[in-house]
Amino acid sequence: MIFRTFAPMKSYLLIIISSACLLCACNPKSKRPTYGELKAQRIDSMIKAAERDIPMLDTELQQACHRYDSLSAIVETHRQALKLTEQELNEHAALRLHRDSLQVKFDTQCARVRFLHRKLDEVNTKASDRKKAAESPKTAK
């Protein structure tokens, strides 16, 4: 008996829920991002991450260059005075290796940022071209 009295309420509730779902689906703010937009967002986040690493690598590289240059001056004076030790030579070679590896990392990161900027420009250009093609009126033949 109680269920019979709630039967009309069920239909009204169903109508309200279905109309709410339709309104949410038609809302332009709830538009899903396109594949191109998602790709552009991903590339943009990769650019930001790479750009955060560049200043740290730059400071490390500058410090390594400074240490290498100061040790090179010492090694050269000891070499000319014939007082060069094996330990100084090994340390000099290790610092050169460390400096060169930091230089490679820095150059790679800068190249990565340049590449990602070009890729982002390509994605944005393709998206704008598609948008222009979709907006332009189709000519009848």
task: Using only heavy-atom distances, determine whether the side chains of S72 and H92 contain a donor-acceptor pair under 3.5 Å.
output: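 Yes, because at least one side-chain N or O of S72 sits under 3.5 Å from a partner of the opposite role on H92.
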[atom2] on [Y] to [atom1] on [X], rounded to 0.5 Å:
{"X": "D44", "Y": "H117", "atom1": "CG", "atom2": "NE2", "result": "8.5 Å"}
{"X": "E60", "Y": "Q63", "atom1": "CD", "atom2": "CD", "result": "7.0 Å"}
{"X": "I54", "Y": "T59", "atom1": "CD1", "atom2": "OG1", "result": "12.0 Å"}
{"X": "I74", "Y": "H78", "atom1": "CD1", "atom2": "NE2", "result": "6.5 Å"}
{"X": "I47", "Y": "R52", "atom1": "CD1", "atom2": "CZ", "result": "12.0 Å"}
{"X": "R67", "Y": "E91", "atom1": "CZ", "atom2": "CD", "result": "9.5 Å"}

field: ILVMFWY clustering at 4.5 Å (side-chain atoms), partners of L89
entry: Y68, L71, V75, L84, L95
- prompt: Which atoms form the tightest heavy-atom contact between E88 and K83, and what is the distance?
  reply: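 Taking E88 first and K83 second, the nearest heavy atoms are OE1-O, 4.3 Å.
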field: Minimum heavy-atom distance between L120 and A40, given as atom pair plus value
entry: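 Between these two residues, the closest heavy atoms are CD1-O, 3.6 Å.
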Residue from R42, R118, K39 passing side-chain contact (heavy atoms from CB on, under 4.5 Å) with V123: K39
message: Show every side chain to side chain donor-acceptor pair (under 3.5 Å) that has at least one partner inside residues 99-109, sequence neighbours left out.
response: D53-Q109, Q103-D107
task: Would you kindly confirm whether L61 and M56 end up in one hydrophobic cluster when ILVMFWY residues are joined by side chain heavy atoms under 4.5 Å apart?
output: no
field: L57-V113 co-clustered via ILVMFWY side chain contacts under 4.5 Å
entry: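 Both belong to a single hydrophobic cluster.
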query: Are any of the side-chain nitrogens in E76 or R79 under 4.0 Å away from the carboxylate oxygens of its partner?
result: yes
message: Are the side chains of E122 and K119 in contact, using a 4.5 Å heavy-atom criterion?
response: yes
